[in-house]
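What follows is a set of notes on a single structure, which appears directly below.
Order of the sequence lines fixes the chain letters, A, B, ..., with proteins taken first and strands second; residue numbering starts at 1 for each chain.
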2 protein chains.
Amino acid sequence: MVTLAQVARHAGVSPSTVSYVISGKRSISQDTRLRVERSIAELGYHPHAGARALASNRSNVIALMIPLRTDMFVPVMMEIAIAITTTARRYAHDVLLLTSEEGPSAVKRIAGSGLADAMILMDVELEDERIPLLRQTGAAAALIGLPADPTGLTCVDLDFEATGRLAADHLADLGHREVALIGAAESVYRRHTGFAERTLAGFRQQASARGLSYLHRPCGNGHEAASGTLSRILEERPHTTGFVVQNETALPHLLSQLRQSGRAVPEDVSVVAICPDDVALHSAPQLTSVSIPAQEMGRRAVELVMAQAAGQQTSGLTLLGPTLTVRESSGPAPQIS
Amino acid sequence: MVTLAQVARHAGVSPSTVSYVISGKRSISQDTRLRVERSIAELGYHPHAGARALASNRSNVIALMIPLRTDMFVPVMMEIAIAITTTARRYAHDVLLLTSEEGPSAVKRIAGSGLADAMILMDVELEDERIPLLRQTGAAAALIGLPADPTGLTCVDLDFEATGRLAADHLADLGHREVALIGAAESVYRRHTGFAERTLAGFRQQASARGLSYLHRPCGNGHEAASGTLSRILEERPHTTGFVVQNETALPHLLSQLRQSGRAVPEDVSVVAICPDDVALHSAPQLTSVSIPAQEMGRRAVELVMAQAAGQQTSGLTLLGPTLTVRESSGPAPQIS
DNA sequence: TTGAAAGCGCTAACAT
DNA sequence: ATGTTAGCGCTTTCAA
């Protein structure tokens with residue numbers, strides 16, 4: 001291991017000078033800076049992370065807690081995680097990956113060990129057990145998702161209520177009168193992950209406002225679940241012509257099922273998906289969708305915790321406005337024959 | 001922050017004693033141990049990670065380098081990452097997440113900064129740029145995947161050649177004579193990620209040995225790509241009755257396309273998937289498949305790097321034997337009419 | 001079975 | 001603009 005002291009010797013300066021060249025915390029003459037930088041490069045020096053953390057009381061690490069669950073759409077989580085990691089690097093930070101397996105005590109461990117100087121929590125539940133600890137330790141943190149009481153917390157999420165409203169509006173605008181929301185797996189609702197319920201609330205509200213009759217059904221993963229849910233909806237309300245789907249894994253099954261049942265998209269029924277853009281683009285037909293801005297959510301979360309670590313107050317909600325992109329899967333409601 | 005010194009004072013012992021109680025590196029009287037442990041619990045003490053890393057020259061962190069690519073099946077990556085994280089915790093280690101965005105230099109940074117005491121690399125290419133650095137730094141490391149020259153490296157992977165052979169054998173056993181391998185996206189082959197080519201090699205070898213005529217086609221993501229690939233195969237070889245599919249995202253599209261083209265599975269054509277079990281189970285019909293043992297790969301990788309960090313020599317390949325599970329998608333070849 | 005004390009490599013006052 | 005130096009909290013000899 002190359003140490004700072006070795007660099008100092010090699011460059012013919014004092015250790016502190018090397019430190020200051022690296023941190024830029026005081027002005028250095030052009031000449032010394034160059035000599036030091038050359039020595040660093042020549043020796044292949046990298047500061048020892050532990051020593052730095054010990055001396056500076058900052059670890060330059062962000063802890064990211066991801067869920068273990070299997071009922072969430074994994075690619076979105078991954079995209080957020082990657083956005084967090086690449087954004088963190090821009091702030092010279094690394095990301096420590098924690099799973100919820102360890103439970104709420106992970107929050108204590110991280111806060112207590114100086115392993116990370118900020119945390120980002122994903123898949124936040126309405127009454128999340130980690131939140132009291134977060135409040136108590138006062139650690140810099142951002143949540144991706146919305147708990148029941150976000151007071152004093154920093155949260156980032158898509159505005160799912162507006163998303164539900166937007167989708168309902170789009171279908172109403174196209175003249176649909178009977179619509180259905182095909183949602184996430186039942187387990188998601190049962191554990192009160194906020195996003196599913198918020199979408200439903202927004203959807204209901206706007207469907208009512210626009211005089212639509214609507215139905216809501218959770219939907220599990222897999223072909224079985226998807227086609228079952230769909231056929232039960234169609235049995236109950238055969239004249240349903242508009243579907244909002246908030247379940248990425250069910251989408252291909254749903255589409256193939258609609259085709260099989262002789263309903264053409266978008267001539268007979270319209271489909272609005274709530275999903276990442278690439279899923280919408282890779283479906284046939286390409287889906288009208290409200291996109292999940294995974295990258296931006298990750299980026300924002302990092303920016304917020306970095307601002308906190310720099311001493312700023314950031315508490316409050318960052319609700320990203322939904323955008324609906326019209327593609328091939330939605331069209332005017334069929335004339336009543 | 002609670003420090004070890006505070007714990008020592010609280011328990012009425014010396015700092016070193018507290019340290020030894022924690023590490024278990026020397027025997028402590030029942031009495032002292034209990035007092036110290038109570039103090040630790042009472043004060044909510046957690047060792048400072050940086051200080052510990054500095055003093056012990058071990059960070060208790062494993063670095064995990066994941067790819068940024070979008071052409072891999074994300075859930076498998078995620079499952080491996082999670083298995084690595086939970087297994088690491090069993091060794092009292094945490095996981096640092098790095099993306100390949102930073103490039104090969106990330107290897108240098110990690111090795112040089114003491115940030116991690118071992119690394120696990122995913123999505124290894126045949127001529128991976130990170131490998132020379134790995135050899136050069138001599139860092140404890142495990143690769144998930146197989147490079148062209150694994151000499152001196154520790155690698156974990158599914159035995160994809162055996163997988164290809166196994167799939168070909170299964171179809172041959174069922175009497176199929178014309179078969180096709182629908183593979184990963186072309187980009188995967190182009191960049192010479194080993195697994196796709198190894199599957200193909202095994203498949204070819206055994207198909208030849210069993211006297212099958214075979215075809216191989218890469219297949220992109222999305223409905224468009226999947227149905228295009230399938231119809232081109234059927235155009236070229238209309239009597240193809242056996243398919244091996246190594247492309248999780250294409251599977252639902254392929255199945256719905258087969259149905260649409262009037263081919264029943266498994267009566268008219270058989271499908272063998274190479275995919276995680278849950279994907280096989282959530283398809284309709286449930287798929288005969290060779291499973292991707294994501295969890296085991298992650299677990300093994302951690303065990304191997306931990307053994308290395310403990311000074312053992314582990315270099316060599318760990319190729320997990322494939323298992324084929326017969327489900328509903330494969331059956332006897334139809335009689336030639 | 002326990003204590004005392006010397007660092008680990010860095011940062012950040014405090015000097016000049 | 002640069003150097004000196006006192007820790008940061010822990011591990012681990014060396015001593016008892």
Carefully, step by step, assess B:Thr154 and B:Thr314 under the rule side-chain hydrogen bond (donor to acceptor under 3.5 Å, both in side chains). CA-CA 6 Å; B:Thr154 300; B:Thr314 69; 2.9 Å; yes
Taking 4.0 Å as the cut-off, does a side-chain nitrogen or oxygen of [X] come that near to OP1 or OP2 on [N]?
X       : N      : value
A:Ser14 : D:dT2  : no
A:Thr17 : D:dA1  : no
B:Lys25 : D:dT12 : yes
A:Ser19 : C:dC10 : no
B:Tyr20 : C:dA4  : no
B:Ser16 : C:dA4  : no
A:Ser56 : C:dC10 : no
B:Arg26 : C:dT2  : no
B:Ser29 : C:dT2  : yes

[X] [atom1] to [N] [atom2]: how many Å, rounded?
X       : N      : atom1 : atom2 : answer
A:Met1  : C:dG7  : CE    : P     : 18 Å
A:His48 : C:dT11 : NE2   : C1'   : 15 Å
B:Asn57 : C:dG7  : CG    : P     : 16 Å
B:Asn60 : C:dC8  : CG    : P     : 20 Å
A:Ile28 : D:dA1  : CD1   : C1'   : 7 Å
A:Ile22 : C:dC10 : CD1   : P     : 8 Å
B:Leu34 : C:dT1  : CG    : P     : 15 Å
A:His46 : C:dC10 : NE2   : C1'   : 16 Å

Using a heavy-atom cut-off of 4.0 Å across all strands, would you classify B:Thr32 as base, sugar-phosphate, or nothing?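 Sugar-phosphate: the residue B:Thr32, judged by heavy atoms under 4.0 Å, touches backbone atoms but no base.
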Which residue in the set A:Pro47, A:Ser59, A:Ser19 passes side-chain contact (heavy atoms from CB on, under 4.5 Å) when paired with A:Arg52?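 The passing option is A:Pro47.
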Pick one: which of B:Asp128, B:Leu317, B:Ile131 meets side-chain contact (heavy atoms from CB on, under 4.5 Å) with B:Leu153? B:Ile131
Derivation and outcome, side-chain hydrogen bond (donor to acceptor under 3.5 Å, both in side chains), residues A:Glu303 and A:Thr87: CA-CA 8 Å; A:Glu303 289 169 358; A:Thr87 309; over 6 Å; no
Show your reasoning for whether side-chain hydrogen bond (donor to acceptor under 3.5 Å, both in side chains) applies to A:Ser39 and A:His10. CA-CA 6 Å; A:Ser39 297; A:His10 185 273; 2.8 Å; yes
For B:Arg33 and B:Leu54, take the nucleotide of DNA chain C holding the closest heavy atom to each; which residue's nucleotide lies nearer the 5' end?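 Whichever sits nearer the 5' end wins; that is B:Arg33.
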